[in-house]
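Below is one structure, written out as structure tokens; the observations come after it.
So you know, we letter chains A, B, ... as the sequences are listed, proteins then strands, and number each from 1.
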There are 2 protein chains.
Amino acid sequence: MTSPGLASPAEQLGRLVKETQAVLHQRMDEALRPLGLSVAQYACLQTLSASPGATGSELARRVFVTRQAMNVMVQGLERQGMLERSDVPGPRRERETVLTPAGRTALDGAGAAVRRVVDTMTGDLADEDVAQLLALLGRCRDALAAGS
Amino acid sequence: MTSPGLASPAEQLGRLVKETQAVLHQRMDEALRPLGLSVAQYACLQTLSASPGATGSELARRVFVTRQAMNVMVQGLERQGMLERSDVPGPRRERETVLTPAGRTALDGAGAAVRRVVDTMTGDLADEDVAQLLALLGRCRDALAAGS
DNA sequence: CTTGTCATGTCAAGAGTTTGTCACTACCGT
DNA sequence: ACGGTAGTGACAAACTCTTGACATGACAAG
């Protein structure tokens with residue numbers, strides 16, 4: 001330790017990112033559980049809505065889980081009628097996945113619940129503050145992701 | 001969906017927080033794995049360094065895991081000689097936990113590796129930008145945590 | 001004193017995820 | 001053409017964490 005008694009701003013930021021994500025995940029879980037959805041399932045449906053026809057591996061990358069975990073999650077959502085996978089695999093053995101109307105309905109309801117959570121998160125901030133927060137944190141994420 | 005075609009800034013921020021934390025966790029894991037430490041173990045040692053004598057439940061709350069999970073983690077770190085727990089429980093059956101010199105050494109090495117990661121995260125930002133990011137994100141965390 | 005509540009530590013069972021592996025198919029360089 | 005590489009889906013085993021439950025001891029209210 002160079003021990004300035006306190007951690008460096010960068011270290012504080014690392015811890016703060018983790019804390020914020022943890023509390024956000026917890027609040028989202030509380031909001032989504034009554035709807036019968038886990039946070040991971042919501043992330044899957046949300047990503048699928050933004051990128052219709054995505055493959056399982058593509059979904060896995062965007063949700064930050066392994067493709068194996070995404071596979072079982074997709075199977076579960078398929079059993080619940082939330083999404084459908086093309087029965088005939090594509091060129092690379094991939095199966096295009098799309099939301100069903102039921103999945104769209106569930107996502108809409110979940111999206112409203114999630115919006116209430118993220119709005120409380122940014123409730124104390126002005127619009128310009130949120131914009132700057134997005135810009136700054138985005139640069140941090142990009143800097144970390146740049147190191148391949 | 002009110003469907004502006006794009007998600008609201010608050011929703012973008014939620015996703016960005018998750019993405020940043022995920023990439024940061026991944027980079028920290030890559031940096032810590034060669035040292036024989038997991039990210040959770042590092043967080044445990046780091047928290048214990050900041051709060052010597054903390055109990056298992058207290059550590060669990062700060063690291064955002066259940067006290068059961070923290071218990072097995074502490075047992076593992078105790079087996080590795082990283083920390084010690086008072087043999088005689090306190091008033092509420094709690095066992096005070098402290099770092100051993102070996103744990104302090106391991107934490108110092110891990111801290112250096114983590115510092116390299118968080119420095120790349122904030123590398124593109126000016127000091128004042130980091131300070132503002134800390135302030136804004138801190139307000140978001142507090143707003144979420146306020147809802148008990 | 002007794003009762004209820006709370007907090008801690010621990011054990012057991014369950015769910016979810018990762019790691020490791022295999023099979024299949026397209027792409028690319030030789 | 002051919003063999004290597006890479007990407008995808010799927011399966012099994014191992015690991016980690018959570019959920020649930022129990023016993024212990026302290027504290028406040030009755």
Q | Test side chain to side chain donor-acceptor pair (under 3.5 Å) applied to B/Arg141 - qualifying residues, sequence neighbours left out | A | A/Glu19
Q.
Rounded to whole Å, please give me the gap between CZ in B/Arg85 and C1' in C/dT8.
A. 12 Å
Q: Check the distance between C/dT10's P and B/Met73's CE and give it to me in whole angstrom.
A: 14 Å
Q: Please determine if a side-chain N or O atom of B/Asn71 lies less than 4.0 Å away from the OP1 or OP2 oxygen of C/dT10.
A: yes
Q: Measure from CD on B/Glu78 to P on C/dG9 and round the result to the nearest Å.
A: 12 Å
(Q) Side chain of B/Arg33, heavy atoms from C-beta onward: which of C/dT10, C/dT8, C/dT19 has the nearest atom to it? (A) C/dT19
Q | B/Glu94 side chain, from C-beta outward: closest of C/dT8, D/dA21, D/dA10 | A | C/dT8
Q) B/Met70 has an atom CE; how far is it from atom C1' of C/dC11, in whole Å? A) 18 Å
Q) What pairs with B/Glu78 under salt bridge (Lys or Arg N to Asp or Glu O under 4.0 Å), at least two apart in sequence or on another chain? A) B/Arg85
Q.
Using whole Å, what does the distance between atom P of nucleotide D/dC15 and atom CD of B/Gln41 come to?
A. 14 Å
Q) Do you reckon B/Leu134 sits in the same ILVMFWY cluster as B/Leu136, going by side-chain contacts under 4.5 Å, direct or chained? A) yes
Q | Nearest listed nucleotide, side chain of B/Ala69, among C/dT8, D/dA10, D/dC17 | A | D/dC17
Q. What dot-bracket string describes DNA chain C from 5' to 3', counting Watson-Crick and G-U wobble pairs whose defining distances are under 3.5 Å, with [ ] for crossing pairs and | for pairs to another strand?
A. ||||||||||||||||||||||||||||||
Q.
Output the rounded distance in Å from CD (A/Glu96) to P (D/dG9).
A. 10 Å
Q) Does a donor on one side chain and an acceptor on the other come within less than 3.5 Å for A/Ser49 and A/Gln46? A) no
Q: Write out all pairs satisfying salt bridge (charged side-chain N to carboxylate O under 4.0 Å, His left out) with one or both partners inside residues 38-51 of chain A, taking only residues at least two apart or from two chains.
A: none
Q.
Nearest whole Å is fine: how far is D/dC17 P from A/His25 NE2?
A. 14 Å
**Q.** Rounded distance (Å) that lies between atom C1' of C/dT18 and atom CD of B/Glu30
**A.** 15 Å
**Q.** Under 3.5 Å donor-acceptor, A/Thr100 side chain and A/Met82 backbone
**A.** yes
Q | B/Arg95 side chain near C/dT10 phosphate (N/O to OP1/OP2, under 4.0 Å) | A | yes
Q | Residues in side chain to side chain donor-acceptor pair (under 3.5 Å) contact with B/Gln75, at least two apart in sequence or another chain | A | none
Q.
Quick check on contacts: within residues 55-67 of chain A, what sits under 4.0 Å from DNA chain D by heavy-atom distance?
A. A/Thr55, A/Gly56, A/Ser57, A/Arg61, A/Arg67
(Q) According to side chain to side chain donor-acceptor pair (under 3.5 Å), who are the partners of B/Thr47, at least two apart in sequence or on a separate chain? (A) A/Arg15
Q. Is there any salt bridge (charged side-chain N to carboxylate O under 4.0 Å, His left out) pair reaching into residues 38-65 of chain A, and which pairs are they, with sequence neighbours excluded?
A. A/Glu58-A/Arg61, A/Glu58-A/Arg62
**Q.** Counterpart residues, side chain to side chain donor-acceptor pair (under 3.5 Å), relative to B/Asp29 (two or more places apart)
**A.** B/Arg33
Q: Check if the side chain of A/Gln75 and the base of D/dG9 share a donor-acceptor pair of N or O atoms closer than 3.5 Å.
A: no
Q) Any donor-acceptor pair under 3.5 Å joining the side chain of A/Gln68 to the base of C/dG20? A) yes
